[in-house]
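A, B, ... follow the sequence lines: proteins, then strands. Residue 1 opens every chain.
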Amino acid sequence: MRKPKTVIEKIWEKHIVHHEEGKPDLLYIDLHLVHEVTSPQAFEGLRMNNRKVRRPDRTFATMDHNVPTIHRNVIKDEVSKTQMETLKVNCEEFGVPLADIHHPDQGIVHVIGPELGLTQPGKTIVCGDSHTSTHGAFGALAFGIGTSEVEHVLATQTIWQAKPKTLNVKVDGKLGKGVTAKDLILAIIGKFGVKFGTGYVIEYTGEAVRSLSMEGRMTVCNMSIEAGARAGLISPDDTTVEFLRGRRHVPEGEAFDQLAEEWKALATDEGAVYDETVEINAEEIEPQVTWGTNPGMCIPVSETVPTVEDGTNENEKEEIKRALEYMGLKGGEPIDSVPIEHVFIGSCTNSRLADLRKASEIVKGHKVNPNVRAIVVPGSHSVKAQAEAEGIDVIFKEAGFEWREAGCSMCLAMNDDVVPEGERCASTSNRNFEGRQGTGARTHLVSPEMAAAAAIKGHFYDVRHLDVHATI
Amino acid sequence: MEPIRKHEGLVFPLNRANVDTDQIIPKQFLKRISRQGFGQFVFYNWRFDSKGELRNDFSLNQPKYENTSILVAGENFGCGSSREHAPWALQDYGFRVIIAPSYADIFYNNCTKNGILPVILTEDEVQTLINNAEAEQYHLTVDLETKKVYDSQGFEATFDLDDYKREMLLNGWDDIAVTLSHADKIDQFEAARD
Ligand code: SF4
């Protein structure tokens, strides 16, 4: 009998171009996604060395990180504008397809890849962005790279990679009502820390993972990097296949059915061995809120913010102290009593149609608290259009949310969407680092449902206790 | 890229764990389209206050660390965003070597592609170096050929770095040129699949 293999090993082996003992493998890249911030220096490098893009047909570019989300044509920041114009010029010169700011396919790079069906099981996918792990939800090996590597992939369609170790994150049981994929991944990082995945590729397995929608799976895989893992993936199954059926870049009819069988055969074999396994039970997970300055600093919404004394050693105490100071928290207060001034629903973690639908169900019939400024930024142009077709925009707007154009927006505040110094934001994004949403801004990561509840209440609130008027 | 074989320099101790790339270079400085000139923005939010004045409470601003070229920091250094602007900024500021107990993967790779040597030592060794450098002006020598770190007072530690990365750093080689020497294999691979 053949040795049972993990999905990770299967994809890896199919992509080795060159192998030498003791050295990294040269791996073929099926799909290279490009955006405006981490690519200019890479194209410049090609130009300086007289090199071409080897496979423009395997490369796809968009603009997301610093696009404006209010008026598309008003780009106040000259340097942002230059970056977008530079991408356009580069794509034209090197023949790379581009969904620019006015294109109907534009959106956050990790939202549009799956939407267009570019992301497929078994592919190797890279992008100069650490949240490329999102595409792992489809059973693709997808990871973020630096700009030198972007240049390398543009020129050679390959990358040097040491074979990673494999880590099985097994989630048994079922997630409770009101507990989402976001709570699951935050709880995982909260339990095992922000670096337990370093040096590994994670595969998420178990009943709770299998029952997630593709959107939920993307949310989980998206934050693998927040656990230190460059990639996180989920074995392809019927849910994966059905999501991709009919998308623009997948074949139709019989060809699709045949491909679907190949995809499903990639799933990890019964009895395959991982280098490491950790387990968590879905039943014990509550809605989560981060209190500190990295995603591992999170607690269930029913709990109190830790105090310095909760640190188990001097370094940890110091870390808690610094985080509390930055976040303007005393320690010991119930997290659901902490007032907020901003709500951001968006980012490559939680800006897909399913996320917006769920948040709108919570919002329906309520009003945004007068002390809160709340914005919804759809992940792509197409998410926005679909949401509008369903009337989701109206629900948000009637409640007092701002309804924006697609982009990264307040996730990293490179455009005009910035949280002012000292103010607090309930955010559906993935990073609560110091200064991430603006200098001195205080970010609390939550699910879209929890963000919606916080917008209504003006403070964190267990969404499971909120009256939901929605009938959709 | 500039080769690095043996480097002697002044140590700057950064006694913090999980220093993320948003701290190393905040996003408002990512908008340039060249690789140069990022050094002035390194650790911006720690070095400057909201008015853009130098802050006294961040030690890198002290005159005694002027001309530092070796950064010693806590575990999981460089976590977060994949921005290569982080090593560009560190390198442009003058750092050639970083020493820490562990790094985020992408950052680690980005360093070796930009002529920065990321050294991994044990937590205890790192703590010793941090203590020494906090106490007084402290110099270290890092030798990539023998994979050793030592000072003039008897501290010595060895580190590991995979042969491929070591060779690239020692010679200052460009990855792409090496890969293109395998171009025939890439052609074959594509011919078999497309
Ligand atoms: S939404 Fe945020 S995390 Fe995602 S790609 Fe954009 S900036 Fe990065």
With a 4.5 Å cut-off on side-chain heavy atoms, are [Y] and [X] touching?
X	Y	result
B/Arg193	A/Asp30	yes
B/Leu30	A/Met414	yes
A/Gln41	B/His85	yes
A/Ser148	B/Asn114	yes

[X] portion near chain A, given a 4.5 angstrom heavy-atom threshold:
X	answer
B/Thr179	both
B/Ala86	neither
B/Asp175	both
B/Phe107	neither
B/Ser102	side chain
B/Gln188	neither
B/Asp187	both

> If you round to the nearest 0.5 Å, how far is OH of A/Tyr326 from CG of B/Asn45?
Replying inline: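 Answer for the CG-OH pair, B/Asn45 versus A/Tyr326, is 7.5 Å.
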
> What's the verdict on side chain to side chain contact (heavy atoms under 4.5 Å, CB included) for A/Thr293 and B/Gln23, showing C-alpha distance, side-chain angles and the deciding distance?
Replying inline: CA-CA 11 Å; A/Thr293 50; B/Gln23 303 319 317; over 6 Å; no

> Between B/Arg16 and A/Glu434, does at least one N-O distance fall below 4.0 Å, as a salt bridge requires?
Replying inline: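 Judged by the 4.0 Å cut-off on N to carboxylate O distance, B/Arg16 and A/Glu434 do not form a salt bridge.
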
> Is it true that A/Arg54 and B/Glu190 have a side-chain N and a carboxylate O under 4.0 angstrom from each other?
Replying inline: yes

> What's the shortest heavy-atom distance between A/Gly438 and B/Lys27, and which atoms?
Replying inline: N-NZ, 3.3 Å

> Of the listed residues (A/Glu149, A/Glu44, A/Glu36, A/Glu20), which shares the most heavy-atom pairs with chain B below a 4.5 Å separation?
Replying inline: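 When all of A/Glu149, A/Glu44, A/Glu36, A/Glu20 are compared, A/Glu149 has the most.
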
